[in-house]
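Excluded from the calculations below are hydrogen atoms, water molecules and symmetry mates; all remaining heavy atoms, backbone and side chain alike, are included. Chain letters run A, B, ... following the sequence lines, proteins first, then strands; residues in each count from 1. Please read all numbers here as calculations on a predicted model, not as lab measurements.
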Amino acid sequence: MKLALYFTFPYPSLERFGKYMEIISDVKFEYAELGIPTKYPYYDGPQIRKTHGVALKEFSMESLGKQVSILKSQGKKVYALAYCNLFSENPGEFMEKLSAAGIDGIILPDLLTDFYHERKEIIHSVHDHGLEAIPFFNASTPDHSIEEILSITHSWIYFGLQPSTGIKVPLRIDEMYKRIRSLCGSREIIVGFGIDGPEMISELKTAGFDGIAVGSAFIRSMDEDNISAFEKQAKMLEAETHGK
Amino acid sequence: MYKYNHFIPLSVYNINNVEIIPEYWYNIVPDLPEPLAPPRDHDPLNSSLDLLNRILPAEVLRQEFTSSRHVRIPEEVMEQYAQIGRPTPLIRAVNLEKFLGFNGKIFFKYEGATVTGSHKINAAVPQAFYAAIEGIKEVATETGAGQWGTATALAASLNNIKSKVFMVSVSFMQKPLRKKIMEIYGGEVVSSPSNLTDFGRAMLKEDPSHPGSLGIAISEAVQYTLDRGIRYLMGSVENSVITYQSIIGQEASKQLEILGEEPDVLIGCVGGGSNFSGFVFPFMKSKVEMIATAASEVPKFSKGKYKYDLVDTAGILPQLKMISLGADYVPPPIYSGGLRYHGAAPALSMLVNNGRIKTDEVGEDASREAMQVFARTQGIVPAPESAHAIATAINYCRNPANSGKTVVLNVSGHGLLDLSIFGE
């Protein structure tokens, strides 16, 4: 099972972000997702929302580029998780900057909700700049929207289990997996939002998901600057996804 | 002289034909033309979404966010549906057709035939059932016209749990019989704003004779739920409620099929949107015209904005993207309490916004006249809310362009407890 790790860049500070990245440099994971901070992270839960406000203070495309090149030198694929409200005026310019920073692809959590009518234009802009457009779906995405987006993208799929990050409403994982798998065929599905402990990871693995994405679960140890708790969390995720 | 065989094609009563009750509720979300905007927190530091775990029965919350198109109706709920009068009849309004000189056909699905006299019981029964099997001993809710409170009081009793109903002050005053019937069913009824919650007390401090609103009553019921560690039952707007109400449209679809009829237009009234959405959503894949009628005194379709807004005035529940007049909107005290809500269900709002569902707004005088016409032609006194839809249907049938069409109308309830609309 693949592992994607999410961090809002650069939370809690540029210096400490670098330190956390060093800790995970010997952790086995496939995808790094770097959240581009925005004033309006509408679909994130309170924990990630808070990280956006803090990260905005030190964010720059230059520092993002440096971090991306470190992660890529470790063999990771690096994706930006960005809200469309960051670039609604000029998607082309934003994509160009991400591409120059060495980003492999982009996940757009609000594309199909707040920017539905611009969806094709934005996806074309992503592709035009040599980036992968990662489809972001959740339980509320209608079948025909999923089919349409799949027909114009080629990458893996990010599936949001919960209505927002870091929260837990009751779910029937099996049922959700069956629906999304029947629509996505053999495309790789990485599942995120509200994933923490081994029990849940095991349930997602058994259901058939190809990988998990985890973000909120790191925030408490980052807030407390508890390096050993951060490392322990990362190692637990590695063990649960890649074997002990 | 009537021949029985001639009578049958006019109506599908089938009171005892429980096979007309569908085995699944229908959730429209996977079939919507565009993705439904998710609920959103409005407090940057807290998650109102997470708070739902302490407000709703777990199974109801799961169904609120389900990706499944079909949700199986538990056997126990099916049994209760049969007990409370489902399936409800689909009747051809022959006398109304004659009265209007309409050369098409008018059918109405009569939700007033349930034991509580409206569609509301369709959503109350499953929520009370899920609360009870999760070990909850008491539920709270709000009510505007009194129909949702009545349904909750009965559904709670059927499932052996207690109920507390916050009734909008103006309705509490206008409709003493509604209060009485809720109490007979076992509910405890309080006028909202009340002294039972911080929010209610704050409203009463501002205005001791505050008329109340559904938004305020929802806030009080939710706050009371959180204070007491009980669970809250939702009467409209939220997606799971619309899913439970899909039983109306699914039955109507089957009944029309039995009659060999294809509708040209479906008409219903909209408060929060549950009876209308439950009625029309199962028909969404066809090309049938759909008209949603609101009260012109609460002009959500002509003056409302499609935006994220609060469901409850206090802002405890997550924001929803919907057509809304604003959560702080205080509606005029029209008699149709069920149409006083400031917003409309998100899926319905989206379909109105993109033009799939047409809208109409009808005033209290026109709806009162429609009540009389329907009573004098069909013998049924409709609820004043439902009479808004009847007024739209009457206008529709009077338009020569609609000659020969098949009109299907949802009469969401009876008005036998609303007769004071005609004066003392």
Per-residue tally against chain B (heavy atom, under 4.5 Å) across Gln47(A), Arg172(A), Arg179(A), His144(A) peaks at Arg172(A)
When the 4.5 angstrom heavy-atom criterion is applied to Gln63(B) and chain A, the contacting part is neither
* Contact check, side chains of Ser140(A) and Ser67(B), non-hydrogen atoms, under 4.5 Å -> no
Scored by heavy-atom pairs under 4.5 Å with chain B, the best of Lys168(A), Lys50(A), Gln162(A) is Lys168(A)
Practice task
Indicate yes or no: at least one non-hydrogen side-chain atom of Asn53(B) is less than 4.5 angstrom from one of Pro170(A).
Solution key: yes
Comparing Gly45(A), Ala139(A), Pro142(A) against chain B, the one with the most heavy-atom pairs below 4.5 Å turns out to be Pro142(A)
For the backbone of Asn46(B) and the side chain of Arg49(A), can you confirm whether one donor and one acceptor N or O come within less than 3.5 Å of each other? yes
If you tally heavy-atom pairs under 4.5 Å between each of Pro318(B), Pro39(B), Pro33(B), Ala58(B) and chain A, the highest tally belongs to Pro33(B)
Distance col, row Leu61(B):CG vs Leu171(A):CG, nearest 0.5 angstrom, shows 9.0 Å
Greatest number of non-hydrogen atom pairs under 4.5 angstrom with chain A, of Thr66(B), Asn239(B), Asp31(B), Asp50(B), falls to Asp50(B)
Exercise. Within a reach of under 6.0 Å around CD of Glu199(A), are more than 12 heavy atoms found that belong to other residues, nucleotides or ligands?
Worked result: no
Requested in this report: Report, as yes or no, whether the 6.0 Å neighbourhood of atom NZ on Lys307(B) holds more than 12 heavy atoms from other residues, nucleotides or ligands.
Outcome: yes
Do Asp143(A) and Arg69(B) make a side-chain contact, defined as non-hydrogen atoms from C-beta onward lying under 4.5 Å apart?
yes
Counting neighbours of CD on Glu134(B) that are heavy atoms of other residues, nucleotides or ligands and sit closer than 6.0 Å, is the number greater than 12? yes
Among Glu175(A), Lys178(A), Met176(A), the residue with the most heavy-atom pairs under 4.5 Å to chain B is Glu175(A)
Under 4.5 Å to a heavy atom of chain B? For Tyr43(A) that would be side chain
Handout entry: Arg220(A) CZ: over 12 foreign heavy atoms closer than 6.0 Å
Key = no
### Message
How about OH on Tyr116(A), more than 12 heavy atoms from neighbouring residues, nucleotides or ligands closer than 6.0 Å, or not?
### Response
yes
Whatever's closer than 4.5 Å to a heavy atom in chain B on Asp114(A) counts as side chain
When the 4.5 angstrom heavy-atom criterion is applied to Leu49(B) and chain A, the contacting part is both
